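The figures that follow rest on heavy atoms only: side chains count, while hydrogens, waters and symmetry mates do not. Since we're looking at a predicted model, the values are computed, not measured.
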Amino acid sequence: MKEEKPWSAIYKEIYVLMEKKRNQMFKESGITSAQMGVLITLDLSNEPSLTMKELEKKMCLAQSTVAGLVARLEQKGFVECGQNPFDKRIKWVKRSESGIALCNYTRQEMQRMDEEFLADLKTEEREEFVRLLCRVRESLS
C-alpha cells in the first residue's frame with residue numbers, strides 16, 4: 001500500500017515550485033525574490049514610505065537582512081531612502097517610480113501565474129481551495 005505524504009510536505013513542494021517560477025520572473029528584472037518581498041511589503045502598506053523598523057517588523061526579518069535588501073534595491077534604483085529630519089536615527093524607505101512600475105508588472109504576472117497554477121481546478125474547486133487555505137492560516141494565527 002502506497003504511503004501518502006503529509007500535507008505539509010506537499011505544501012512545501014508546491015511552495016518550492018512556485019518560488020522557482022517567481023525567481024525566474026524576478027531574474028528578468030535583476031532582483032531576487034527576497035528583494036521583491038521588500039517592494040511588495042512597501043506596496044501593500046498603503047503608506048508613502050515605511051521606516052526601516054516598520055519594514056523589519058512587517059517582514060519578520062532581522063535588521064541586518066532588511067538593511068542589505070534595501071541597500072541593493074537602492075543601488076538598482078527601485079527604492080529611495082532618507083532620514084527623518086528630526087531624528088537622524090530613523091531611516092525611511094519608499095518605492096521609486098521604477099519600483100512602482102515593477103510592482104505593477106509583478107502583480108499582473110503573479111495573477112497570471114496563479115491562474116496557471118490553478119488551471120486544472122474548476123471554479124468551485126478553486127474557491128474551496130482558497131477557503132481551506134484561509135482556514136489553515138487562521139488556525140495558525
Side-chain angles (χ1 to χ4, degrees), residues 1-85 87-141:
M1 184 194 250
K2 184 179 176 187
E3 184 177 330
E4 285 191 38
K5 289 183 183 179
W7 74 268
S8 56
I10 296 167
Y11 170 81
K12 179 161 173 111
E13 289 172 359
I14 291 169
Y15 177 82
V16 168
L17 291 168
M18 290 174 69
E19 192 72 5
K20 195 175 187 180
K21 285 213 177 230
R22 279 192 213 105
N23 279 327
Q24 289 171 346
M25 177 184 62
F26 299 147
K27 190 175 184 178
E28 296 170 10
S29 302
I31 66 170
T32 65
S33 181
Q35 291 167 355
M36 192 65 217
V38 171
L39 291 174
I40 290 170
T41 302
L42 290 168
D43 182 49
L44 294 175
S45 76
N46 295 318
E47 298 290 333
S49 66
L50 291 176
T51 65
M52 289 292 282
K53 190 61 75 183
E54 291 168 328
L55 194 54
E56 294 160 21
K57 192 172 184 177
K58 286 181 181 287
M59 296 186 73
C60 301
L61 293 173
Q63 184 274 332
S64 58
T65 303
V66 172
L69 292 169
V70 168
R72 286 186 287 286
L73 285 168
E74 188 176 23
Q75 289 172 347
K76 296 173 184 182
F78 292 117
V79 297
E80 297 169 359
C81 299
Q83 289 182 322
N84 182 315
D87 188 344
K88 301 288 185 204
R89 297 170 298 172
I90 300 174
K91 185 176 178 181
W92 55 262
V93 183
K94 72 176 188 175
R95 294 175 301 149
S96 65
E97 289 299 318
S98 59
I100 292 168
L102 181 58
C103 281
N104 292 337
Y105 166 76
T106 300
R107 191 177 300 107
Q108 292 172 344
E109 280 300 298
M110 290 183 84
Q111 286 175 334
R112 185 191 61 72
M113 281 187 207
D114 283 353
E115 287 296 318
E116 180 184 321
F117 295 149
L118 302 178
D120 291 340
L121 299 179
K122 296 177 186 157
T123 303
E124 313 84 56
E125 292 172 325
R126 287 180 187 200
E127 291 169 359
E128 181 70 2
F129 178 67
V130 171
R131 188 183 70 72
L132 292 171
L133 284 175
C134 289
R135 279 185 59 194
V136 169
R137 181 189 62 204
E138 288 170 16
S139 72
L140 296 172
S141 299

Run the numbers on D43 and T106 for side-chain contact (heavy atoms from CB on, under 4.5 Å), then give the verdict. CA-CA 11 Å; D43 182 49; T106 300; over 6 Å; no
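- For the atom pair T123 OG1 and E125 CD, the distance stands at 9.0 Å (nearest 0.5 Å).
- Nearest heavy-atom pair, A34 versus L69, reported as atom, atom and distance to 0.1 Å: CB-CD2, 3.7 Å.
- Side-chain contact between M25 and M113 is present, with heavy atoms from C-beta onward closer than 4.5 Å.
- When all heavy atoms of Q83 and K88 are compared, the closest pair comes out as NE2-O, 3.2 Å.
- Nearest approach of K94 to P48, heavy atoms of both residues: CB-O, 3.1 Å.
- Partners of E109 by side-chain hydrogen bond (donor to acceptor under 3.5 Å, both in side chains), not counting sequence neighbours, listed by chain and number: R112.
- When every heavy atom of I40 is checked against every heavy atom of M110, the shortest pair comes out as CD1-SD, 4.4 Å.
- Shortest non-hydrogen contact noted between L50 and E54 is CA-OE1, 3.3 Å.
- Here R135 pairs with nothing under the side-chain hydrogen bond (donor to acceptor under 3.5 Å, both in side chains) rule; sequence neighbours left out.
- At least one donor-acceptor pair under 3.5 Å links the side chain of S96 to the backbone N or O of F78.
- Distance alone, capped at 3.5 Å, is enough to place a donor-acceptor pair between the S45 side chain and the E47 backbone.
- A distance-only check finds no donor-acceptor pair linking the side chain of K58 to the backbone of T41 [under 3.5 Å].
- Atom CG of D120 is surrounded by 12 or fewer heavy atoms from other residues, nucleotides or ligands within 6.0 Å.
- Rounded to the nearest 0.5 Å, atoms CE (M59) and CG (L42) are 8.5 Å apart.
- With sequence neighbours excluded, no residue satisfies side-chain hydrogen bond (donor to acceptor under 3.5 Å, both in side chains) with E56.
- No more than 12 heavy atoms of other residues, nucleotides or ligands lie within 6.0 Å of CD in E97, so this atom counts as exposed by the packing criterion.
- A 4.5 Å side-chain heavy-atom check between L102 and R95 finds every atom pair outside the cut-off.
- A salt bridge links R126 with E115: the closest approach of a Lys/Arg side-chain nitrogen to an acidic carboxylate oxygen falls below 4.0 angstrom.
- Across every non-hydrogen atom of G30 and Q35, the tightest pair is O-OE1, 4.3 Å.
- For F129, the CZ atom is loosely surrounded, since the number of other residues' heavy atoms within 6.0 Å does not exceed 12.
- Annotation: the span from L73 atom CG to T32 atom OG1 amounts to 7.5 Å, rounded to 0.5 Å.
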Give the C-alpha distance, both sets of side-chain angles, the deciding distance and a yes or no for side-chain contact (heavy atoms from CB on, under 4.5 Å) between Y11 and V136. CA-CA 12 Å; Y11 170 81; V136 169; over 6 Å; no
E74 vs V93, test: side-chain contact (heavy atoms from CB on, under 4.5 Å). Steps then yes/no. CA-CA 9 Å; E74 188 176 23; V93 183; over 6 Å; no
Where do E13 and K5 land on the side-chain contact (heavy atoms from CB on, under 4.5 Å) test, with the steps shown first? CA-CA 11 Å; E13 289 172 359; K5 289 183 183 179; 2.3 Å; yes
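- In this structure, the side chain of S98 engages the main chain of G77 through a donor-acceptor pair within 3.5 Å.
- We find the NZ-NZ distance between K53 and K91 to be 13.5 Å, quoted to the nearest 0.5 Å.
- Using a 4.5 Å heavy-atom cutoff, the side chains of E19 and V16 are not in contact.
- One distance of note links CD of E138 with CG of L140; it measures 10.0 Å at 0.5 Å rounding.
- When side chains are defined from C-beta on, E128 counts as touching L132, because their heavy atoms get closer than 4.5 Å.
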